[in-house]
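One structure below.
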Number of protein chains: 2
Amino acid sequence: MATGRNHRPATRSRGIPEATVARLPLYLRALTALSERSVPTVSSEELASAAGVNSAKLRKDFSYLGSYGTRGVGYDVEYLVYQISRELGLTQDWPVVIVGIGNLGAALANYGGFASRGFRVAALIDADPSMTGKQVAGIAVQHVDDLETIIDTNGVSIGVITTPGGAAQQVCDRLVAAGVTSILNFAPTVLSVPDGVDVRKVDLSIELQILAFHEQRKAADALSGAAAPGPAAPAGDRGEQGPDGDIPAVMPA
Amino acid sequence: MATGRNHRPATRSRGIPEATVARLPLYLRALTALSERSVPTVSSEELASAAGVNSAKLRKDFSYLGSYGTRGVGYDVEYLVYQISRELGLTQDWPVVIVGIGNLGAALANYGGFASRGFRVAALIDADPSMTGKQVAGIAVQHVDDLETIIDTNGVSIGVITTPGGAAQQVCDRLVAAGVTSILNFAPTVLSVPDGVDVRKVDLSIELQILAFHEQRKAADALSGAAAPGPAAPAGDRGEQGPDGDIPAVMPA
DNA sequence: TCTTGTGAACTTGTTCACAGCT
DNA sequence: AGCTGTGAACAAGTTCACAAGA
């Protein structure tokens with residue numbers, strides 16, 4: 001996958017692999033949970049298991065950040081939380097706008113995990129005049145006519161698009177023109193953006209189609225494979241699941 | 001990520017790379033749009049551009065499916081739509097259950113893209129008794145007590161979890177025990193599943209954190225890099241964006 | 001003795017560039 | 001002449017396995 005990092009291609013001394021960046025939030029979540037339970041220290045094995053990856057990968061990932069562990073002991077939880085937060089840029093506050101306040105937009109606005117990690121919903125924007133002024137998650141919806149002003153006065157650099165597919169490119173263009181340089185796109189559309197703008201795409205129907213592919217293959221395997229080991233699940237060991245792993249996800253601008 | 005495909009590791013003759021599988025839905029969407037405009041044939045260059053990937057990758061991807069193009073001409077749109085649909089298992093109907101009918105669950109239930117491509121919402125399930133019987137997207141919500149019966153009578157093999165994080169593992173265990181073998185998890189939790197069960201995770205807060213990382217780096221680059229090329233976007237060419245490529249995505253309830 | 005940190009091997013994915021077919 | 005299909009080069013990511021250090 002190629003997460004688009006097209007700007008300034010050279011001069012990157014301490015480049016952290018994209019796959020690693022994609023896992024840092026996962027580690028951070030696991031570490032935060034440990035921190036809340038006042039666990040002082042954790043081994044790569046334990047943390048890896050909590051994050052659903054294997055320990056060699058985790059150690060390699062951390063090695064790109066520096067040497068924050070202690071041999072024979074493990075990692076200091078609080079210290080690691082801080083280092084990863086800093087690396088991800090979560091020690092600062094990121095104002096975010098959500099454009100398109102339908103079912104999904106409202107769901108995201110109500111999502112608590114937002115505020116918890118450096119993100120703040122600065123504004124909700126919708127094109128429907130009848131939505132203007134309505135309170136969603138305690139925030140008044142504003143009309144899309146004011147998009148540029150909202151972006152500007154709030155210093156927003158991250159936008160979330162939850163409009164229907166047909167409106168997404170247009171909204172995207174306006175966001176970018178107004179100064180937004182990172183976009184999380186929930187609309188089922190491929191967005192065109194200028195160089196230097198990052199787009200990440202979240203697409204439910206694509207996820208389901210990928211599951212269907214594997215599901216179909218399991219069914220085929222069950223038919224062809226002679227002696228089926230058991231009903232559905234042989235109850236083997238627990239598998240790993242990655243945020244990325246497979247599908248990559250982002251994209252370059 | 002590693003989409004857990006732990007079952008039957010060997011004996012896979014016609015293995016399609018995971019990265020390719022992740023892009024097939026993207027091609028399918030672009031092809032469907034062409035089909036609706038009655039475009040009979042398309043070149044790898046055109047289709048790649050519509051899907052937001054480069055043409056060499058697209059041709060390589062299609063080569064894993066077989067030789068469905070015509071040299072000097074391109075690909076027959078209708079034929080390709082059929083072949084990809086078949087490969088993804090979308091020529092059959094997949095009943096899906098959504099567990100956890102909060103904001104997000106309701107948003108997904110209302111999502112039109114579901115039915116359009118082989119997926120059918122067979123049931124909505126929630127643990128809150130006051131939700132039972134309520135209509136969401138034209139479907140009556142059922143109580144989680146009946147989960148096993150619902151899975152069984154509808155022959156469901158794909159489940160979507162949109163519960164709060166705390167309930168996700170428990171719901172997952174019951175889904176798996178009832179026979180579900182593919183799970184799309186929106187809860188901010190790493191799910192443990194037996195071998196043979198696929199889990200895909202969509203996590204909004206992770207997506208935002210990845211964007212924040214890149215955003216932070218752009219800011220750092222702008223400071224260090226002497227002459228800034230322009231305001232925000234140099235208005236370069238249009239980049240590619242992958243579904244997978246990197247991380248997938250949605251989120252927690 | 002225990003666990004990190006990492007070179008090296010390996011696997012997966014991407015891009016190139018061109019032969020081969022229409 | 002044009003575009004697909006693909007071997008081969010390349011790049012990214014993962015896993016192994018063990019030396020180094022606490």
Side-chain angles (χ1 to χ4, degrees), chain A residues 1-6 9 12 15-24 27 40-49 51-77 79-80 83 239-252, chain B residues 1-5 9-10 12 15-24 27 41-49 51-77 79-80 83 239-247:
Chain A
M1 99 197 26
T3 290
R5 172 227 291 94
N6 321 16
R12 168 125 279 78
I16 298 177
E18 191 55 35
T20 295
V21 171
R23 281 187 295 266
L24 292 180
Y27 301 144
T41 196
V42 67
S43 72
S44 63
E45 200 68 58
E46 293 165 325
L47 183 54
S49 149
V53 303
N54 77 39
S55 63
K57 200 188 284 185
L58 178 143
R59 288 199 302 277
K60 184 65 110 180
D61 284 342
F62 286 178
S63 78
Y64 294 117
L65 307 184
S67 290
Y68 295 147
T70 308
R71 293 170 200 235
V73 179
Y75 300 91
D76 180 274
V77 172
Y79 187 57
L80 245 196
Q83 290 300 341
E240 137 175 2
Q241 63 209 259
D244 242 20
D246 299 62
I247 285 205
V250 173
M251 69 161 346
Chain B
M1 128 190 350
T3 293
R5 171 231 288 97
R12 168 122 282 82
I16 299 178
E18 191 56 32
T20 296
V21 171
R23 282 188 294 266
L24 292 180
Y27 301 145
T41 196
V42 68
S43 72
S44 63
E45 200 67 57
E46 292 166 325
L47 183 54
S49 148
V53 302
N54 78 40
S55 64
K57 198 188 284 183
L58 179 143
R59 288 198 303 276
K60 183 66 108 180
D61 284 341
F62 287 177
S63 79
Y64 294 117
L65 307 183
S67 289
Y68 295 147
T70 307
R71 293 171 200 235
V73 179
Y75 300 91
D76 181 274
V77 172
Y79 187 57
L80 245 195
Q83 291 298 342
E240 135 175 2
Q241 65 209 254
D244 221 39
D246 306 60
I247 288 218

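Please read all numbers here as calculations on a predicted model, not as lab measurements. Residue numbering restarts at 1 for every chain, and letters A, B, ... go by the order of the sequence lines. In what follows, every heavy atom counts, from backbone to side chain, and hydrogens, waters and symmetry copies are set aside.
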Given atom NZ of B:Lys57 and atom P of D:dA12, what is their separation to the nearest angstrom?
12 Å
Can you tell me if the side-chain N/O atoms of B:Ser44 get under 4.0 Å from OP1 or OP2 in D:dT4?
yes
Could you say whether A:Asp61 or B:Asp61 is positioned toward the 5' end of DNA chain D, judged by the nucleotide with the nearest heavy atom to each?
B:Asp61
If we check side chain to side chain contact (heavy atoms under 4.5 Å, CB included) with B:Tyr64, which of these qualifies: B:Leu24, B:Val21, B:Thr20?
B:Thr20
Is the phosphate of D:dT14, meaning OP1 or OP2, less than 4.0 Å from a side-chain N or O of A:Tyr64?
no
Separation of atom CD in B:Glu46 from atom C1' in D:dG2, rounded to whole Å:
12 Å
Roughly, in whole Å, what's the span from CG in B:Leu58 to P in D:dC3?
14 Å
Send over the distance from A:Glu45 CD to C:dG5 P, rounded to a whole Å.
14 Å
Please list, chain by chain and in numerical order, all residues satisfying side chain to side chain contact (heavy atoms under 4.5 Å, CB included) with B:Tyr68, sequence neighbours excluded.
B:Leu65, B:Tyr79, B:Leu80, B:Gln83, B:Arg86
Which whole-number value in Å describes the distance from A:Glu18 CD to C:dT14 C1'?
15 Å
Give the B/S/- string for nucleotides 16-22 of chain C, one per nucleotide from 5' to 3', where a protein heavy atom under 4.0 Å of the base yields B, of only the sugar-phosphate yields S, and otherwise -.
-B-BBBS
Measure from CZ on B:Arg23 to P on C:dG13 and round the result to the nearest Å.
9 Å
B:Phe62 CZ - D:dC3 C1' separation (whole Å):
14 Å
Between D:dG5 (C1') and B:Leu80 (CG): distance, integer Å
14 Å
Counting only pairs under 3.5 Å, give me each side-chain donor-acceptor contact of residues 40-48 of chain A, with atom names and distances, residues two or more places apart or in other chains.
{"residue": "A:Thr41", "atom": "OG1", "partner": "A:Tyr75", "partner atom": "O", "Å": "3.0"}
{"residue": "A:Ser43", "atom": "OG", "partner": "A:Glu45", "partner atom": "N", "Å": "3.4"}
{"residue": "A:Ser43", "atom": "OG", "partner": "A:Glu46", "partner atom": "N", "Å": "3.2"}
{"residue": "A:Ser43", "atom": "OG", "partner": "A:Glu46", "partner atom": "OE1", "Å": "3.3"}
{"residue": "A:Ser44", "atom": "OG", "partner": "A:Arg59", "partner atom": "NH1", "Å": "3.1"}
{"residue": "A:Glu45", "atom": "OE1", "partner": "A:Ser55", "partner atom": "OG", "Å": "3.3"}
{"residue": "A:Glu46", "atom": "OE1", "partner": "A:Ser43", "partner atom": "N", "Å": "2.9"}

Is any side-chain nitrogen or oxygen of A:Tyr68 closer than 4.0 Å to OP1 or OP2 of C:dT3?
no
